**Q** 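First the structure, which I've put down as structure tokens, then a few questions once you've had a look.
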Protein chains: 2
Amino acid sequence: MKIIKIAIADDEALFRKGMKLILNAYQEFNVEIEAEHGVHLIEQLRAANELPDILLLDLKMPEMNGIEVAKVVQKEFNEIKIIVLSTHFSRAFVINMIELSAVAYLPKNSQPTEVAETIKAVYEKGFYYNNDVLGMIRENIISKTKAKANFEFDLTAREKEILQLICEQYTAPEIAEKLFISPRTVDGHRNNLLSKLNCKNVAGLVVLALQHKIVQIPLRY
Amino acid sequence: MKIIKIAIADDEALFRKGMKLILNAYQEFNVEIEAEHGVHLIEQLRAANELPDILLLDLKMPEMNGIEVAKVVQKEFNEIKIIVLSTHFSRAFVINMIELSAVAYLPKNSQPTEVAETIKAVYEKGFYYNNDVLGMIRENIISKTKAKANFEFDLTAREKEILQLICEQYTAPEIAEKLFISPRTVDGHRNNLLSKLNCKNVAGLVVLALQHKIVQIPLRY
DNA sequence: ATCAAAACAGGTAGAATTACCTAGACATTC
DNA sequence: GAATGTCTAGGTAATTCTACCTGTTTTGAT
């Protein structure tokens, strides 16, 4: 019987050790690499003479978070299948990780048997999506065309308007001129946006606006 | 026990009758509508006082083909779950049907038991994708992001790095510190980006970077 | 009619961006 | 060896952004 080699990257030592115990209880699994953050993981992978088959990857880690790790692994160690561990389970997030070539998505509160089944399925079929994830994927495909209104942030109509224009590369004075208001007012609205959306600067606003389709920007080339 | 009401649309009478016999052999299924092409199907649906739960839809039909039918059904009879029957099994085709809200995709040479299982799964979970279809969906998600990035713009590695950090809301001084270079150098790179990508400001850079997936940004809330 | 929220607008100040320059170090290519 | 391209980094200046204030007017809802 072929033994499935597993790497675990998670900053919580307890979780990591627990998972290792659980997995090593199966004779077909062997946890070969443990890392408390991305940098450590990458180091170990580069040093390893035999790569793991599967990487259980926590998203929230210090030093180098799961997304950065996924990118490096995807580039340097493409053969390793990434199974994402997370408490975060929103559609956009899951889709994002699949785009980063995650082959499965496991909630952190999963049962040990689910984890084992997922690993086996990934090893055999190359990927495994449970019904929740499948539903999200489906919604994602279907909703691609629809521009859904956004209720998650309570922006006022004016704020959305300002946000839209910011995304269209207008500066505050330009927006002011366009809307026949004072530049200071535009400033005020932008500050409210930064505060409401918890962003550092316009870059953050634009990212959020696009990710959540709060604004519509025609594709440019 | 709830009986699952089924409609079959297929131009081949033999296939249609055969399928009907097979399905009606299960006591939980009842084939209520048969149609040899789309027009006929739509007519029957409009006349029906009780809509079917599931529509087995052949794609190749005279008069009105499966894709047009799917569009009409999606619009007028949204509750009906469409299971696509086809010999045609290319990725683009399958994805296209899912976008048209097909909830399952069955090869025409499937085993009767597979058909029955698919129908049950659809009735219970709302959709059912077998491994082939799942693989296609997965490829579709991944291929969207890959490839392109490098082609359309010739950004240097350093420029992409800077662009990434800009999108992550780092200011020039912060980026400089992160990369151990002078803030002025970061300035230079950003200016090159603005010029190369023909943008007015960072907002434009971020929009372009996200639209063309030059960078990967974790979803935020 | 009253209250709260939103939109409006100004002050001040420091940080950052943007737009022009110039130019050396280094690697690759012809 | 020269040409090219990239990364590096500095000068100068105007503009813009960001973060704190303050306040009035308008609007919508109870």
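Chain A is the first sequence line, chain B the second, and so forth, proteins listed ahead of strands; every chain is numbered from 1. FYI, side chains are in, hydrogens and waters are out, and symmetry mates aren't considered; it's all heavy atoms of this structure. Just so you know, these numbers come straight off a predicted model, no measurement behind them.
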**Q** Starting at CD of B:Glu159 and ending at P of D:dG5, how long is that distance when rounded to a whole Å?
**A**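 Those two atoms, CD and P, are 13 Å apart.
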**Q** For A:Leu179 and A:Leu165, run side chain to side chain contact (heavy atoms under 4.5 Å, CB included): C-alpha distance rounded to whole Å, both residues' side-chain angles, the deciding distance at 0.1 Å, then the answer.
**A** CA-CA 10 Å; A:Leu179 300 182; A:Leu165 293 171; 4.1 Å; yes
**Q** Nearest 0.5 Å please: distance from the OH atom of A:Tyr26 over to the NZ atom of A:Lys120.
**A**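 With rounding to 0.5 Å, OH (A:Tyr26) is 6.0 Å from NZ (A:Lys120).
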**Q** Run the side chain to side chain donor-acceptor pair (under 3.5 Å) test against A:Asn131 and tell me which residues pass, sequence neighbours left out.
**A**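 Partners of A:Asn131 by the side chain to side chain donor-acceptor pair (under 3.5 Å) criterion, ordered by chain and then number, come out as B:Lys125.
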**Q** Looking for any heavy atom pair under 4.0 Å, which part of the strands does A:Arg184 touch: base, sugar-phosphate only, or nothing?
**A**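 If one applies the 4.0 Å heavy-atom cut-off, A:Arg184 turns out to touch a base.
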**Q** To the nearest angstrom, how far is B:Leu179 atom CG from D:dA9 atom P?
**A**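 Atom CG in B:Leu179 sits about 11 Å away from atom P in D:dA9.
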**Q** Would you mind reading off the distance between B:Ile175 atom CD1 and D:dC7 atom C1', rounded to a whole angstrom?
**A**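 It is 15 Å, rounded to the nearest whole Å.
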**Q** D:dT8 C1' sits how many Å from B:Asp187 CG, rounded?
**A**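 Distance check: B:Asp187 CG to D:dT8 C1' gives 13 Å.
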**Q** Between the side chain of B:Glu124 and the main-chain N/O of B:Ala121, is any donor-acceptor distance below 3.5 Å?
**A**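 Side chain of B:Glu124 to backbone of B:Ala121: no pair is present.
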**Q** By the 4.0 Å heavy-atom rule, please label A:His189 as base, sugar-phosphate, or nothing.
**A**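 Since only primed, P, OP1 and OP2 atoms lie under 4.0 Å of A:His189, the category is sugar-phosphate.
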**Q** So what does B:Pro183 touch, heavy atoms closer than 4.0 Å: a base, only the sugar-phosphate, or nothing?
**A**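 Result for B:Pro183 = nothing.
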**Q** Rounded to the nearest angstrom, tell me the gap between atom CG in A:Leu193 and atom P in D:dA19.
**A**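 Nearest whole value for this atom pair: 12 Å.
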**Q** Could you tell me from which nucleotide to which nucleotide of DNA chain C, 5' to 3', there is an atom under 4.0 Å from chain A heavy atoms?
**A**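 The protein-touched segment is C:dA6 to C:dT12.
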**Q** Taking atom C1' of D:dC17 as reference, at what distance in whole Å does atom CG of B:Asn201 sit?
**A**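 Whole-Å distance recorded here is 11 Å.
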**Q** Side chains of residues 183-194 of chain A: which donor-acceptor pairs under 3.5 Å do they make with residues two or more places apart or in other chains?
**A**
unit_1   : atom_1 : unit_2   : atom_2 : d
A:Asp187 : OD1    : A:Arg190 : NH2    : 3.1
A:Asn191 : ND2    : A:Asp187 : O      : 3.3

**Q** Starting the side chain at C-beta, find the nucleotide from D:dT8, D:dA19, D:dT16 nearest to B:Arg158.
**A**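 Nucleotide nearest to B:Arg158's side chain: D:dT8.
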**Q** Using whole Å, what does the distance between atom P of nucleotide D:dT18 and atom CG of A:Asn198 come to?
**A**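 So the CG-P distance, A:Asn198 to D:dT18, works out to 14 Å.
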**Q** I need the NZ-P distance between A:Lys200 and D:dT18, as an integer number of Å.
**A**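 Going from A:Lys200 (NZ) to D:dT18 (P), I get 10 Å.
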**Q** Please work out if A:Thr185 contacts a base, only the sugar-phosphate, or nothing of the nucleic acid, heavy-atom cut-off 4.0 Å.
**A**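 Base, at least one base atom sits under 4.0 Å.
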**Q** Is a salt bridge present between B:Glu43 and B:Arg46, judged by a nitrogen-to-oxygen distance below 4.0 Å?
**A**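 Here B:Glu43 does not pair with B:Arg46 in a salt bridge, since their nearest N and O are not under 4.0 Å apart.
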**Q** Looking across every strand, which nucleic acid part, if any, lies under 4.0 Å from A:Thr171 by heavy atom: base, sugar-phosphate, or nothing?
**A**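 Sugar-phosphate, backbone atoms only, no base.
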**Q** Using the six-membered ring of A:Phe15, assess whether NZ or CZ of A:Lys108 lies under 6.0 Å from its centre and within 45 degrees of the ring axis.
**A**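 Here A:Lys108 passes the 6.0 Å and 45° test against A:Phe15.
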